[in-house]
Amino acid sequence: MAILVDRKNSLFTLCTKSSMYQMKADSLGVLLHTYYGKRTENMDFSYLIQKRDHGFSGNPYEAGMDRTYSLDTLPQEYSCFGGGDYRESALAVRDAYGASAVDLRYEGCEILKGKYQIPGLPAFYEENPGQAETLVITMKNERKNILVKLFYGVFEELDLLTRTVSVENCGEEPVYLERVMSLCVDQPCGNWDWMTFYGRHEMERQVSRTAIHHGIQSAGGLRGTSSHQYNPFVILADSKASEIQGSCYGFSLLYSGNFLAEAEKDQFNQTRVLMGIHPGNFRYKLEKGESFYAPEAALVYSDKGFEKMTHVFHRAIRNNLCRGKFKNARRPVLINNWEGTYFDFTGDKLIAMAKDAADMGVELFVMDDGWFGKRDDDNSGLGDWQVNEKKLGCTLQELSEKIHGLGMKFGIWYEPECVSQDSDLYRAHPDWAFQIPGRNPIRSRNQLVLDFSRQDVRDHIFKEMVQVLDKADVDYLKWDFNRSICDVYSAQLPADRQGEVLHRYVLGLYEFLDRLGRRYPDMLIEGCSGGGGRFDAGMLHYTPQIWCSDDTDAIERLEIQYGTSFCYPVSAMGAHVSACPNHQTGRTTPLGTRATVAMAGTFGYELDPAKLTEEEKEEIRKQICRFKEYYELIQRGDYFRLTAPSEERHYAAWEFVSPDQKEALVSVVASKVRTNDPPARVLLRGLKEEGIYLLEGREYTGGALMYGGLPLPEAKVEYQSWEFYLKLKN
Ligand code: DGJ
């Protein structure tokens, strides 16, 4: 049983394979958080709740004269603003009087078979019936006009918990939601580190680890997307936790808009973590009878460091979040023309590229930005999704037929959410773009953002896309988005609903992607936002892979893909081999190293094959064969980070191990070459200790490779790389 409800003691326990999560509704009906950590037989953790008389901490009226009872100090399951808890809160509701104070009390609970789903929002799902159970806890405030439901999804075998919250207005007057966080976890004691994944365009998801100090630490943003700058994934780690040791909690928000993750250490050294939609510029009006659903948060506890947590997230995202044909089907090795041509191409040039690529074994040709409207640079054309037949020298159907004639699949690029001011669409419908009345819009890449909170805007773009996609045989679509959102104002909503626009935008985006996926079930959709500016679990429900970064330099990718891997599986990370000197850094790396790094992702090419030598073409043929040979191991195996950029070693190493531990692939890149370097070895992981593994004609026990290590060759060339394939003999 994954969910245990002790009605007599109002105790609710959620169990996964190795974690346990517990809450208790106390005598006042307040839902207290009693435990989240390693699974144990001890079933009642309420003995840990300690009450003391603390100065300046208020007491709820029902507590009578008991000055030891204060919401300011107790660990709470879903803290509310205005009830005497001065820490950051999960819920803030402003009522018809203009006051902001909610005091939720337990009303009841129910256990549902299966996993709850959330209207219009992405959520983990059961692969097979019986894989998950749902607990719903209902709470109401004293005035009985706010009904809150806390939903918990328990995937016992998967070791995954999920949460969401719904808020219903059951009063007569409208109320305004000002803060509805998806997750609130109180840790009454412990020394914790706060790990976030920060970055910028072309350097996403860098790992930051700092000790949690008194006060509030946060990560998040108001850019309208999850962003390059912070990722909606954070870790609360024991200060001694490492890859393979110690307690840590991974929290992932399935949301692609403004988000906030906060950790607050309070006056009594208690730590509270909150995660959800960013309250900045958020104000959601609920009329009588209306409900609001918060996005889902996923929680993973590991008692054995980051690696175990990562493996749970990877499996869950691959199997219980991604959907559609390409969740399991092998994804084609692609070539994208962007870095090969940028906007400067013709249909003939693309066909020539495709021919060369097909000859090397590439399976999918992707035509990137510039095939539509007036679009020879990034200053115009977005929104005019009519094929530029003059530029292509043919119709899209003809181009697609020629590419298919080479035995390849065909894909195209879109940026449906944006519009150029220099476009027919903008000239006809300026009010469809986000703009503040009476103010000039803020341009970025010389483009504006369409108001995707509006059904009519989405319907128009969908119709335009369908007209193109229905005519040509399109196997793949790259969904790009190349700016942050500002000027948030929807011409269709009244003043008191403008705080809803960005959330409605995200719902609109999800609705669009869902519609597209259902209409073209065989089409692979890759997400992108100027590289990895919207790389989040929410998007992965609609697009099983996302372009990881516009930085294609293999050495910089080592760090980007390292940070990304803490939550997101290799099968989600778009990674390509590009030309050298690299277009972003000017660095030259061996072709083999570029492939080794791109193979820790979805794998493809992004260059002009006409510029390759015959030797390079031959090498690429071999790379593609190798990738196909190791495909299952790489895409579905367990991923191990064997080194970390922070260790400042001269090499980076990672490993894939098949679920049955019969095969492993170890990749190593020399990130620095030094003369007279000391010999190096890398400790492998995830192997069968007693198993005998064959590696390059020699036999090793798994234990030897894991505890003694694998000696590394000496790098003779800068940025040299190696791949070691191991197979279990017995
Ligand atoms: C940003 C993407 O990340 C690139 O790969 C490319 O598609 C450009 N946009 C095209 O404008």
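Nothing fancy with the numbering, it's 1 onward along the sequence. Computation of the quantities below employed the complete heavy-atom set of this structure, encompassing side-chain atoms and omitting hydrogens, waters and symmetry-equivalent molecules. Counting starts at 1 for both ligands and their atoms, in listed order.
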*asked:* With ring-ring contact (aromatic ring centres under 6.0 Å, His included) as the test, pick out the partner of W479 among W547, F512, Y542.
replied: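 Only match with W479 under ring-ring contact (aromatic ring centres under 6.0 Å, His included): F512.
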_Side-chain donor/acceptor of T588 to backbone N/O of C580, under 3.5 Å_ =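 No: the side chain of T588 does not pair with the backbone of C580.
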*Every residue of the protein that comes under 4.0 Å of ligand 1, judged on heavy atoms*: W338, D368, D369, W413, R445, K478, D480, N482, C528, G530, G531, W547, D550
_Is it the case that atom NZ in K327 sees more than 12 heavy atoms from other parts of the structure closer than 6.0 Å?_
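It does: K327 NZ has more than 12 such atoms within range.
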*Checking side-chain contact (heavy atoms from CB on, under 4.5 Å) against W654, which of L665, V597, V570, V668 comes through?*
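Per the side-chain contact (heavy atoms from CB on, under 4.5 Å) rule, the option paired with W654 is V597, out of L665, V597, V570, V668.
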*With under 30° as parallel and over 60° as perpendicular, where do the rings of F343 and W338 fit, or are they tilted in between?*
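Taking W338 first and then F343, their aromatic rings stand perpendicular (interplane angle over 60°).
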*Can the ring centres of F656 and Y639 be said to be less than 6.0 Å apart?*
yes
